[in-house]
Amino acid sequence: MLDLKGEYEYMKPDIDEAIERCLDHQQWILGPEVRELEDRVAEYIGVKHCVGVSSGTEALVLSLRALAIKLKGKEYFDRSDEIITTPFTFTATGDAILRAGAIPVFVDIDPLTFNVDPANVASYLSSSSSHHSRVVGILPVHLYGQPCNMAEITGIADRHGSFVVEDVAQAFGGNWKERKLGSIGHAGAFSFFPSKNLGGFGDGGMISTDDRELADMLRMLTKHGGKDKYNVEHIGYNARMDTLQAAIILAKLKYVDEFNMRRKRIAELYTTGLRGIDWLQLPGDGPAVGIGLDPGVGQTRGHVYHQYTVRTRRRNDLQAFLKDRGVSSMVYYPVPLHYMKVFDERSKIAGSLQNAELAADEVLSLPIEPLLSETQVEYVVKCMREFR
Ligand SMILES: *Cc1c(COP(=O)(O)O)cnc(C)c1O
């Protein structure tokens, strides 16, 4: 799926020099590269503050914890506080809500974008006045690098008085209209896990926000919950970003737009090559999202193709067929969160989650390594077309 060795070779002088510099200065904890990366990413995303953290998961947990402290004056949310999210995501999204003390409410996805359907969020909020008041926030995930409909989600959140935290783990560099993802909600949680669009050589993450108070709180939480070691105010973590990871990611940041463009180019080749296969749904099939966008292209605008994900009823056969021909493919995600034991009795299900359940059986992500050649992409297309 990915050629991390090839990517390293491509950027080797920059990365080696960055590591070399760390070896020279030996400031492994909160060295100068961490603040430099925070400032550079803040500028790139278009927010006032970024806070480096130890992973994308911690970025989610800390964002929610900081919001609990700010909005409720409590260390954690209450078990009756609800946060609406998608069941069709990586476990960490739902898990972060549990770790922040709240209860995840799973609402169904849009079967065309695989992202949370804003209509389902709105309908849960209006369905009953009893749980109406319990929803404190919405946690949309820009799955596969494709933006959620942020106009609708922020509109619903504003009307209801709830916060929005964006899970941007798969969508670094993506945008919703003129705004970069991660700059639209109250906070955005990024991951620099090695396989993400911007990945380090280990775990790392970042939180973006325009809220100064939130940023200060987040910094405290990464350092055990205090402004300094002997003045601890909150239940904190050791969740700082490593200097070494910051240095590597800084070196790679220079390439992220080019690599996202390469992903888009590969996606175009797939879409051109696979269009018209009647048993296959391609990304961007279906009506456009957002106002004023062209039908058919609206869905894929701002998409950074962390994954190029197709869908077919014969997913398992297709995957085996491709494997026999030397083509790797992955299923993200085979199990929706509401089927997992950890969420039994710790989550709520809002209506039918049939679209998420069906997607789990039908999605397949094709190779979208940015350094793939056209010939390699054409080979994948050829194999797909041979499948009967
Ligand atoms: C990868 C990922 C995370 C977690 O990030 P880590 O850096 O692995 O902790 C959270 N949410 C989504 C959607 C992800 O893909």
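For ligands, and for the atoms within them, numbers begin at 1 and follow the listed sequence. Small disclaimer: the values here were computed from a predicted structure and weren't measured.
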Nearest heavy atom to atom 1 (C) of ligand 1, choosing from Glu58, His306, Lys196, belongs to Lys196
Run down the list Gly94, Gly199, Ser191, Gly202 and name the one with the heavy atom closest to atom 7 (O) of ligand 1. Ser191
Just wondering, more than 12 heavy atoms not from [X] lying within 6.0 Å of its [atom1]?
X	atom1	value
Met1	CE	yes
Glu43	CD	no
Arg79	CZ	yes
Lys323	NZ	no

For the residue pair Tyr144 and Phe114, does the interplanar ring angle fall in the parallel (under 30°), tilted (30 to 60°) or perpendicular (over 60°) class? perpendicular
Can an N or O of [X] be found at a distance shorter than 3.5 Å from an N or O of ligand 1?
X	answer
Asp167	yes
Gly56	yes
Gln170	yes

Per-residue contact class, Thr57 against ligand 1 - non-hydrogen pairs under 4.0 Å: both
Nearest protein heavy atom with distance in Å, relative to atom 8 (O) of ligand 1: Phe193 CD1, 3.8 Å
